Amino acid sequence: MLELKFIRNNPDVVRADLTKRGGDDEKLAWIDDLLEKDIQSRDMQIDINTMRNRRNIISREIKEAKKAKQDISGFLEEAKSLPAQIREAEAALEEVNGKIKFYQMRIPPNILHESVPVGADDSENVEFKKWGEPVVPSFPLRNHGELAVEKGLAEFERAAKISGAGFYMLKGNLALLDLALQHLALDVLGERGYTPVIPPYMMNRAAYEGVTDLGGDFENVMYAIDGEDEFLIATSEHPPMAAMYMNEIFDEKDLPLKLAGVSPPCFRREIGSHGIDTRGLFRVHQFNKVEQFVYCKPEDSWALHEELLKNSEDIFQMLGLPYRVVNICTGGDIGTVAAKKYDMEVWMPREEAYREVVSCSNCTAYQSVRLNIRARDAHDFENKYPPLHTLNSTAVATTPDDSGHYGKLSGRGRHGCHPPRSPAALHERRRDSLILIFSGSCEGVKKLNTFFRLFHFPDIFKMTRR
RNA sequence: GCCGAGAUAGUCUAGCCCGGAAAGGCGGUGGCCUUGAAAGCCACUGGUGUUUCACCUCAGGAGUUCAAAUCUCCUUCUCGGCGCCA
């Protein structure tokens, strides 16, 4: 959410942003009401403080009188009446503050960066970067899920039997690939100064509400643990990585703080239905992900936004997956939290379309204000606690990645190996075998053996890499 | 899960029994001094506000009271001891 102080001092900026997003009159009216309530609230606070002041003074007088062995009954009469008055005024104030908070949490959204394009919906997102050559299949492709089952790399029916629709089992090389992709992302990010974090997979309601406003939808989006005040996390960046520092103050010297959150697994109830590949690995109840998360000083956040995107791009380039990057427009899926958001969309040959697999956002101060996370600036006494900026970007979400690989692979059908798109990069990292495993047959076998050896002996693996 | 002891500012700690303005050390910031630095000395160092002043704050919440870090109850977490368990 935006700082109250900011809204109070810059109502026109807030209104202009709502208008840019195509905001309606109702929301603009809410802003006016919010500003009015803010004035009211501060007046009430002053009244309350005056009464508290009086109470404190009387208390002190009683103390002094008792010390001097004087009669205190004269003071007690007024003293006894005050607490009730104060309580009443406090209750009234709380009601007004509750409304302010309500508005503050729902409107206004974050102030958009000037480079965010205006558009009605996702079709008007602006593509500004493309890498790799999308494969256009010359014959009908098979569903990646089917193919995986056929090759003994996944199970859907047995997963459904024990867990329900939307679940899967990864087997054999596919299970290993899933882990290897996470490992790859952590290696790349680790070299670049990101600290790997494995967070708890459950979070209590209070912490979750600090992170995101799900309203009444809480139970529909997330899995709740019966009999416990715990929810399975839906993603790693918001819940643990953002909430872990809530109500804390950073020392300037600790910024920027760069984290690589490993969230096996993320749990989601809502997965929707996605056309031809509904069955498979693209949208599931449970998936694995490595997420970049950064806390930084405001002046650094735009450069870091580009850095996060570059990290994600580098990983996808190592994997040889063609993708494009779009700048999400005002009517797209930009949400209320991000000031600017890039999506990386990977090419899905079967659908002959780019599909979102990475979402990279600069949330500026919006999240940190809501979570009450601040930075201490010892040198700036005017603005002792400048707002902190937060950013997040997917590094890999493994099942969507798998699906991308499979899309590519299914284009080759049973005709054999497909050379990695970026062999040099992969070879350097000894990751080429991964892609070859995916090609599913013949010449890949030798490299596959190499992969197993390396994978099962991570120390040797590290030595070979250097 | 049971029993016991705890939670005080960036950090370490005093205050709690016996209710009456949160004391001090370290660390940090600024200043004096110095060619420069160290040492020493001085000031500031929980939060908010309409900032000579006021209010809030002692893990969180509720209660008793004119008045709660302090008394009572509940919750959370930490540390011991016991039990259970991969």
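As the structure is a computational prediction, the values presented were derived from the model and not from experiment. We use all heavy atoms of the structure for the numbers below, so side chains are in, but hydrogens, waters and symmetry mates are not.
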Side-chain N or O of [X] closer than 4.0 Å to phosphate OP1/OP2 of [N]:
X       : N     : result
A/Arg52 : B/A67 : no
A/Asn56 : B/C56 : yes
A/Lys63 : B/A21 : yes
A/Asn49 : B/A54 : no

If you apply the rule salt bridge (charged side-chain N to carboxylate O under 4.0 Å, His left out), what do you find for A/Asp38 with A/Lys5, and how did you get there? CA-CA 10 Å; A/Asp38 177 45; A/Lys5 209 189 293 176; over 6 Å; no

Provide the distance between the two [atom1] atoms, one in [N] and one in [M], to the nearest whole Å.
N     : M     : atom1 : value
B/U72 : B/G20 : P     : 15 Å
B/G49 : B/A59 : C1'   : 26 Å
B/U70 : B/G1  : C1'   : 32 Å
B/C58 : B/C53 : C1'   : 24 Å
B/C56 : B/A62 : P     : 15 Å
B/A22 : B/G27 : P     : 26 Å
B/G60 : B/U52 : C1'   : 36 Å
B/C77 : B/G61 : C1'   : 15 Å

Partner lookup for [N], please. Criteria are Watson-Crick or G-U wobble with both distances under 3.5 angstrom; report none if nothing qualifies.
N     : answer
B/U52 : none
B/U78 : B/A5
B/G19 : none
B/G30 : B/C42
B/U72 : B/A62

With sugar-phosphate meaning primed atoms plus P, OP1 and OP2, does [X] contact a base, only sugar-phosphate, or nothing at under 4.0 Å between heavy atoms?
X       : answer
A/Leu76 : base
A/Arg55 : sugar-phosphate
A/Asp47 : nothing

Walk me through whether A/Phe6 and A/Val14 qualify under side-chain contact (heavy atoms from CB on, under 4.5 Å). CA-CA 9 Å; A/Phe6 178 87; A/Val14 174; 4.1 Å; yes

Take A/Met344 and A/Leu309, measure what side-chain contact (heavy atoms from CB on, under 4.5 Å) needs, and give me the verdict at the end. CA-CA 8 Å; A/Met344 271 178 67; A/Leu309 178 65; 4.0 Å; yes

Please give, in whole Å, the distance from [N] [atom2] to [X] [atom1]?
X        : N     : atom1 : atom2 : value
A/Ile48  : B/C55 : CD1   : P     : 13 Å
A/Asp43  : B/U48 : CG    : P     : 21 Å
A/Asn9   : B/G49 : CG    : P     : 11 Å
A/Ile373 : B/G10 : CD1   : P     : 16 Å
A/Ile39  : B/G49 : CD1   : C1'   : 16 Å
A/Asn53  : B/A21 : CG    : P     : 16 Å
A/Ile58  : B/U65 : CD1   : P     : 17 Å
A/Leu93  : B/U48 : CG    : C1'   : 13 Å

Testing A/Lys20, A/Arg21, A/Arg15 one by one against A/Asp17 for a side chain to side chain donor-acceptor pair (under 3.5 Å), which residue passes? A/Arg21

Quick check on RNA chain B: between A/Ala79 and A/Thr50, whose nearest nucleotide comes earlier from the 5' end? A/Thr50

Judged by each residue's nearest nucleotide on RNA chain B, which is more toward the 5′ side, A/Arg60 or A/Arg8? A/Arg60

Please say whether more than 12 non-hydrogen atoms of neighbouring residues, nucleotides or ligands are located less than 6.0 Å from CD in A/Glu299. yes

Does CZ in A/Arg192 sit with more than 12 non-hydrogen atoms of other residues, nucleotides or ligands closer than 6.0 Å? yes

Below 4.0 angstrom, N of the basic side chain to O of the carboxylate: do A/Glu90 and A/Arg52 qualify? yes

